[in-house]
2 protein chains.
Amino acid sequence: MIDTKDRILDAAERLFAENGYSATSLRRIMNDAGVNVASVHYYFHSKEVLLEAVLLRRAEAANHERLEMLARFEQEAPDGRVTVEKVLEAFLVPTLRMAADPARGGHVFLRLMGRLHAESDLLPGIILVQFRPVLLRFAEALARALPDLSPAELYFRARLAMGATAQVFRDSSYRKWAQGGAGGSFDWQPVLGRLVSYLSAGFRAPVVDLVREQETR
Amino acid sequence: MIDTKDRILDAAERLFAENGYSATSLRRIMNDAGVNVASVHYYFHSKEVLLEAVLLRRAEAANHERLEMLARFEQEAPDGRVTVEKVLEAFLVPTLRMAADPARGGHVFLRLMGRLHAESDLLPGIILVQFRPVLLRFAEALARALPDLSPAELYFRARLAMGATAQVFRDSSYRKWAQGGAGGSFDWQPVLGRLVSYLSAGFRAPVVDLVREQETR
DNA sequence: GTCTATAACTTGATAGAC
DNA sequence: GTCTATCAAGTTATAGAC
């Protein structure tokens with residue numbers, strides 16, 4: 001028998017991912033989890049804290065993996081400067097490993113993260129604390145991999161990249177590329193290859209400054 | 001004095017864009033619009049129909065512009081085959097013209113569209129009818145511009161492109177590039193250039209098929 | 001067309017028995 | 001720890017006076 005706390009977290013993760021935070025009521029979560037309606041307040045105090053708990057359960061390990069992988073790539077690189085492709089790989093591989101592992105939320109957690117990325121005002125403060133250092137670290141590595149991009153250009157393209165990634169995680173359109181695993185298991189290599197190819201091409205695209213072009217006309 | 005119906009639509013557009021559909025109550029909309037709480041049911045019958053009305057008010061004109069622009073580009077091309085850049089331009093320019101025009105919702109409507117793209121289950125049937133022919137038409141043009149991509153690869157990259165675009169419209173990070181207009185007005189050319197450069201590079205990126213690579217190893 | 005009043009229901013959250 | 005019962009507030013939506 002699974003722990004009550006985990007059953008609530010599982011049901012909340014699934015329903016928040018499927019219908020969004022605001023549209024999901026605690027009663028629906030309790031019903032799906034098969035526990036009493038009062039349990040959630042006993043274990044989590046409020047709906048917002050429940051969302052935090054859902055996220056924290058998965059995010060910490062993935063973020064740790066991301067930082068570790070990036071550090072390893074930098075050690076392996078001769079001058080400590082890794083390519084865009086490697087930075088993207090270090091960020092995405094832990095994510096895709098989660099999607100491949102039902103015990104770590106599988107594709108459901110990815111879908112939730114993709115959704116919350118759009119309802120950014122929902123992301124609680126604690127989660128920001130959990131993600132900010134990772135994002136800063138990766139932004140720094142990206143800047144070193146792309147020295148020709150100004151900080152503003154880099155930030156703009158990073159937003160585009162995050163939006164693109166969040167979209168395919170949200171609508172699960174990445175899953176069609178991941179059927180090739182042995183015994184029907186999740187093989188994330190084709191997805192990784194496609195994402196990295198697309199995103200790195202975007203990061204490397206020529207900078208068009210139409211304003212300057214207009215001035216020199 | 002503005003029409004009551006329009007005041008409701010304006011307030012709904014703004015609040016749906018800012019807080020999302022589920023998290024916004026009709027009472028809050030009526031309060032912001034400064035009209036009676038019963039008006040919305042008199043004019044729109046229900047919350048869902050109100051959302052439909054908010055979208056239909058803007059989408060029809062923009063979609064018409066998109067199709068017209070694409071048709072013009074195809075006529076101008078020698079063999080009727082336009083580049084990816086031109087297809088993207090035909091899709092994005094009407095959008096950015098809306099963002100530049102406060103009378104057509106300005107950046108607020110773009111933000112709303114970006115949000116709804118994430119809560120895709122909310123997009124009502126009528127809106128799908130309104131958008132589907134446009135999307136099919138553009139998919140067809142994209143396929144002709146990128147004959148080397150399989151339909152599955154093209155669809156995947158189109159999702160990535162939509163996600164990237166929706167993200168920058170949602171968080172308004174595109175607005176910083178649009179301050180150059182005369183008298184502080186919105187100049188969408190720099191935004192268009194940056195979006196097209198990024199997205200077309202993604203569409204043209206090499207296709208990596210790791211599965212095949214593994215087989216030939 | 002605009003308003004008040006209210007129906008009918010759902011929401012997050014709590015108190016207190018067991 | 002788990003349950004029932006319930007609260008107080010907020011929700012969409014409607015009926016009917018003016």
Side-chain angles (χ1 to χ4, degrees), chain A residues 1-57 112 115-116 118-127, chain B residues 1-57 112 115-116 118-127:
Chain A
M1 186 63 173
I2 316 171
D3 190 31
T4 299
K5 211 166 169 175
D6 280 326
R7 299 181 61 181
I8 296 174
L9 287 171
D10 288 344
E13 186 176 61
R14 188 160 26 84
L15 288 167
F16 286 156
E18 213 57 42
N19 311 118
Y21 176 79
S22 297
T24 304
S25 71
L26 289 176
R27 301 179 119 83
R28 175 80 198 278
I29 293 170
M30 298 300 100
N31 187 41
D32 270 39
V35 302
N36 189 270
V37 280
S39 314
V40 69
H41 297 106
Y42 178 77
Y43 285 110
F44 301 102
H45 178 63
S46 74
K47 189 183 180 182
E48 200 178 337
V49 174
L50 171 61
L51 174 63
E52 277 184 18
V54 167
L55 298 179
L56 281 176
R57 177 168 67 146
L112 174 60
R115 271 204 106 116
L116 292 182
E119 313 179 57
S120 55
D121 40 310
L122 277 180
L123 287 178
I126 292 181
I127 300 302
Chain B
M1 187 62 173
I2 316 171
D3 190 31
T4 299
K5 211 166 168 175
D6 280 326
R7 297 182 62 182
I8 296 174
L9 287 171
D10 288 344
E13 187 176 61
R14 187 161 24 85
L15 288 167
F16 285 157
E18 213 56 42
N19 311 117
Y21 175 80
S22 297
T24 303
S25 71
L26 289 176
R27 301 182 116 82
R28 177 78 198 279
I29 293 170
M30 298 300 99
N31 187 42
D32 270 38
V35 302
N36 189 271
V37 280
S39 314
V40 69
H41 297 106
Y42 177 78
Y43 285 110
F44 302 103
H45 178 65
S46 74
K47 188 182 180 182
E48 199 178 339
V49 174
L50 171 60
L51 175 63
E52 277 185 17
V54 167
L55 298 179
L56 281 177
R57 178 168 67 147
L112 174 60
R115 271 204 106 115
L116 291 182
E119 313 179 59
S120 56
D121 40 308
L122 277 180
L123 287 177
I126 293 181
I127 301 302

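Keep in mind that what you see is a predicted model, and the values were worked out from it rather than measured. Quick note on labels: first sequence line is chain A, next is B, and so on, each numbered from 1.
- Within the nucleic acid shown, A/Tyr43 comes within 4.0 Å of sugar-phosphate atoms alone, with no base atom in reach, counting heavy atoms only.
- Between C/dT2 and B/Thr4, a contact under 4.0 Å exists linking OP1 or OP2 to a side-chain N or O.
- A straight line from CZ of B/Arg7 to C1' of C/dG1 spans 15 Å, rounded to a whole angstrom.
- As a whole-Å value, the separation of B/Asn19 CG from D/dG10 P is 16 Å.
- A/Arg57 pairs by the side chain to side chain contact (heavy atoms under 4.5 Å, CB included) definition with A/Asp6, A/Leu9, A/Asp10, A/Glu13, not counting sequence neighbours.
- Here the straight-line distance linking atom OG of B/Ser22 with atom CD of A/Glu119 works out to 8.0 Å at 0.5 Å rounding.
- The CE-C1' distance, from B/Met30 to D/dA13, rounds to 13 Å in whole Å.
- Residues meeting the side chain to side chain contact (heavy atoms under 4.5 Å, CB included) test with B/Asn31, sequence neighbours left out: none.
- To the nearest 0.5 angstrom, A/Leu26 atom CG is 8.5 Å from A/Ser46 atom OG.
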Identify the pairs formed between an N or O of the protein and an N or O of nucleotides 11-18 of chain C at a distance under 3.5 Å, and give each distance.
unit_1 : atom_1 : unit_2  : atom_2 : d
C/dT11 : OP1    : A/Ser25 : OG     : 3.2
C/dG12 : OP1    : A/Leu26 : N      : 3.4
C/dG12 : OP1    : A/Lys47 : NZ     : 3.2
C/dG12 : OP2    : A/Leu26 : N      : 2.9
C/dG12 : N7     : A/Arg27 : NH1    : 3.0
C/dG12 : O6     : A/Arg27 : NH1    : 3.2
C/dA13 : OP2    : A/Lys47 : N      : 3.1

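- To the nearest 0.5 angstrom, A/Tyr21 atom OH is 11.5 Å from A/Leu112 atom CG.
- Distances shorter than 4.0 Å separate some side-chain N or O of A/Asn36 from OP1 or OP2 on D/dT4.
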Checklist entry - Yes or no on side-chain contact (heavy atoms from CB on, under 4.5 Å) for B/Ile29 and B/Leu50, after CA distance, side-chain angles and deciding distance? => result CA-CA 11 Å; B/Ile29 293 170; B/Leu50 171 60; 4.1 Å; yes

